[in-house]
Number of protein chains: 2
Amino acid sequence: MDNIINLQKKIVPELSDLLVERYRILRQVSHDAPIGRRALAGELGLSERVLRAQVDFLKTSGLLSFSSLGMAVTDEGNDLLRDLSDYVRKLQDLSKLEKLLVENLHIGRVVIIPGDCDKEEVVKKEIGRAAARILLQLLADGKKQHVVAVSGGTTLAAMAENVRGNEPNTIVVPARGGLGDKVENKANTIATVLAGRLKAKYRQLYVPDSVSGEILNSILAEDPGVKAVVEIIKSADILVHGMGQAKIMAERRGLENKAMADLIADGAVGEAIGQYCDINGKVVYVTNNAGLMMNDLKRINKVIGLAGGKSKAQAILSVIRASHQDILVTDEAAARDIVKML
Amino acid sequence: MDNIINLQKKIVPELSDLLVERYRILRQVSHDAPIGRRALAGELGLSERVLRAQVDFLKTSGLLSFSSLGMAVTDEGNDLLRDLSDYVRKLQDLSKLEKLLVENLHIGRVVIIPGDCDKEEVVKKEIGRAAARILLQLLADGKKQHVVAVSGGTTLAAMAENVRGNEPNTIVVPARGGLGDKVENKANTIATVLAGRLKAKYRQLYVPDSVSGEILNSILAEDPGVKAVVEIIKSADILVHGMGQAKIMAERRGLENKAMADLIADGAVGEAIGQYCDINGKVVYVTNNAGLMMNDLKRINKVIGLAGGKSKAQAILSVIRASHQDILVTDEAAARDIVKML
DNA sequence: CCCTTGTGGAACTTTTTTCGTCCCACTGGC
DNA sequence: GCCAGTGGGACGAAAAAAGTTCCACAAGGG
């Protein structure tokens with residue numbers, strides 16, 4: 001199979017671009033359907049006319065359907081899209097990239113989505129889709145009861161959106177308390193949504209951000225509800241978490257100028273589940289809250305990290321080095337940038 | 001692999017044409033090198049300008065090299081060409097065709113070369129090449145001594161041209177005596193050439209065409225040389241033979257009008273090793289000469305039939321039905337036409 | 001030794017295709 | 001009943017592809 005791809009790259013290299021272009025269109029429509037020509041062209045950064053030529057073709061091929069509401073992907077198109085993602089990955093040598101990351105970062109499995117989150121919103125959704133598939137596979141894996149811990153963030157939200165399962169014995173919990181500015185991206189919210197789509201149970205952890213250490217301790221010691229949830233969280237066998245840029249996450253948490261300056265001075269570039277780490281994988285700061293810590297990750301059966309976008313490359317690398325990851329789902333832009341830093 | 005091809009056919013169908021066009025060019029140059037733009041365009045039926053665009057590309061890709069003598073295929077191009085033939089075969093669904101013929105005609109193996117002998121001389125050469133590869137594989141197959149019987153014809157000549165081996169224990173013989181107008185395409189000549197390129201021994205059979213049965217018998221009975229050769233021929237374990245259209249072969253052998261009319265009346269359409277058969281596989285006429293007969297084919301370990309071109313489809317089918325074939329090497333045009341007749 | 005033939009490279013024109021742009025009739029939600 | 005957004009259509013500009021012709025040169029044959 002790889003042989004065929006190399007063969008084609010040699011003798012019909014122009015094919016790659018065309019195929020990827022059509023793949024991108026199909027993928028975008030798949031997420032935004034129904035959508036019109038002009039809006040679609042805008043999102044993909046193509047001129048209307050060029051896009052039109054392609055969608056006309058895709059229509060003729062029976063992959064897209066047109067209505068007065070806009071374009072949508074046909075069933076056949078969706079089948080094709082699924083197969084195509086693997087193929088595009090190989091075509092762009094992402095398989096090799098994945099292998100490289102697996103070996104150099106000691107991760108069990110790396111999945112790279114073609115594209116760049118920073119430039120195409122749809123890529124983040126695709127990361128979510130891929131993560132959703134992986135999660136469902138893990139849950140379907142025989143064992144009766146699972147405890148799934150999730151962090152917050154838009155990528156996690158994208159995953160939750162793409163999950164659909166029937167796992168009444170599974171419990172979904174937030175990995176840590178608090179954190180998150182928008183309600184829809186808080187870990188608690190995501191746990192709820194995910195549990196809903198999984199038909200699973202869920203528990204929430206109500207511990208606000210920025211409480212002092214003493215108050216936190218007293219809550220943990222005295223509140224039996226919180227205590228129970230924390231115990232469940234600590235028993236999680238699957239963790240799905242996002243990774244963020246240290247500075248952006250710190251701002252989002254409303255860190256004071258002083259603390260922020262310290263953070264930067266300590267070289268913090270990445271953040272995951274409330275811990276900040278530098279590019280060498282050293283944890284330099286931990287937010288004051290309850291739930292999982294980086295050290296706990298080793299005990300968890302499957303740790304799944306999600307993040308994409310060239311801007312997050314450093315952050316991703318720092319978190320991976322600081323923790324134990326079983327599965328990483330990222331995008332092409334981040335992956336290529338990470339490789340440069342190795 | 002087949003999946004990938006279907007995928008591509010669906011989403012980038014224009015690829016096929018382009019790839020096949022470049023493949024044809026590469027293949028043609030490979031046989032005719034060094035050759036110029038204009039001559040090449042003529043052979044391929046392309047305009048000079050179109051061909052130029054392609055060869056310029058192939059040059060940039062490092063697959064073709066240019067000199068003042070003309071174009072030639074680079075080593076890399078030859079490697080690619082070898083891999084490509086399998087790929088093109090699958091791309092054009094020739095694998096399915098091959099399978100269909102294997103099952104319906106009870107042949108061990110069918111190899112179909114893309115194209116049409118009648119329109120492109122190079123396809124015949126490719127049939128020769130493919131047959132040469134197969135023959136070399138058979139000869140390399142452990143066993144010490146082989147006796148290879150060959151018929152005459154341009155296709156066999158093409159095969160002999162493409163053989164290169166070192167088989168000093170092998171003996172090459174003509175399948176039958178006589179027959180053939182041009183010296184270079186007589187079975188005797190081909191046996192000699194083939195033996196030379198194989199570094200093998202050879203024996204010739206000097207029995208002219210159109211001798212009466214009585215004279216033939218007396219030659220066979222009395223001439224110890226002829227007798228010995230015939231015995232070797234009968235012991236052949238590999239036979240490579242061409243197939244021809246009955247009428248054309250009859251004319252070439254100089255059959256009288258009367259006999260010719262009988263032949264046609266009997267429904268003869270195909271000919272191989274001097275026997276004529278009708279479309280249902282019944283042998284209707286046998287030329288008066290020494291060597292292998294259709295009935296002997298069952299005893300031979302590997303019988304390899306070579307023929308291509310739409311015009312020969314009927315002939316090929318008739319011969320296959322009349323005899324026992326282990327391997328058939330033909331071209332796309334003939335194969336597609338044969339399938340229609342099943 | 002020259003002459004013919006075929007070579008790759010280049011230039012120019014014509015044709016075809018692609019692309020940018022605007023308009024239109026229509027539909028579904030508000 | 002408006003209005004934003006839809007697909008479809010049309011037309012000219014721009015670009016790419018293809019047809020045509022020429023040139024300098026090198027090789028091989030008489």
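The figures here come from the full heavy-atom set of this structure, side chains too, leaving out hydrogens, waters and symmetry mates. Order of the sequence lines sets the chain letters (A, B, ...), proteins ahead of strands, with each chain counted from 1.
At a threshold of 4.0 Å, the pair Arg89(B)-Glu332(B) does not count as salt-bridged, since none of the basic side-chain nitrogens sits closer than that to a carboxylate oxygen. Electrostatic pairing of Glu120(B) and Arg24(B) counts as a salt bridge here, judged by a charged N lying under 4.0 Å from a carboxylate O.
Regarding Gln54(A), its CD atom lies at a distance of 14 Å from the C1' atom of dT17(C), rounded to whole Å. Between Arg49(A) atom CZ and dG8(D) atom C1' there is a gap of 11 Å when expressed in whole angstrom units. To the nearest angstrom, P of dG6(C) lies 17 Å from CG of Leu51(B). Rounded to whole angstrom, the span from the CD atom of Glu48(B) across to the C1' atom of dC22(D) amounts to 11 Å. Between the P atom of dT6(D) and the CZ atom of Phe66(A) lies a distance of 12 Å, rounded to the nearest Å. One interatomic measurement links the two molecules: CG of Leu40(B) to C1' of dT7(C), which rounds to 13 Å at whole-angstrom precision. In this structure, the CG atom of Leu69(B) is 17 Å from the P atom of dC25(D), given to the nearest Å. The distance between atom CG of Asp56(B) and atom C1' of dG9(C), rounded to the nearest whole Å, is 9 Å.
The only option from Ile112(B), Asp86(B), Val88(B) that meets the side-chain contact (heavy atoms from CB on, under 4.5 Å) definition with Leu94(B) turns out to be Ile112(B). Under the side-chain contact (heavy atoms from CB on, under 4.5 Å) test applied with Cys117(A), the options Thr155(A), Val122(A), Val123(A), Thr330(A) reduce to a single match, Val123(A).
Side-chain N/O atoms of Arg37(B) and base N/O atoms of dG9(C) include a donor-acceptor pair closer than 3.5 Å. Taking only distance into account, the side chain of Arg52(B) meets the base of dA10(C) through a donor-acceptor pair shorter than 3.5 Å.
The phosphate of dG8(D) has OP1 or OP2 within less than 4.0 Å of a side-chain N or O from Lys59(A). Put simply, Ser47(A) has a side-chain N or O that comes within less than 4.0 Å of OP1 or OP2 on dG20(C).
Distances were taken from every side-chain heavy atom of Val50(B) (C-beta onward) to each of dA18(D), dG7(D), dG20(C); the shortest belongs to dA18(D). Closest to the side chain of Ser68(B), out of dG7(D), dC19(C), dA26(D), is dA26(D).
Within a 6.0 Å sphere centred on NZ of Lys9(A), heavy atoms belonging to other residues, nucleotides or ligands number more than 12.
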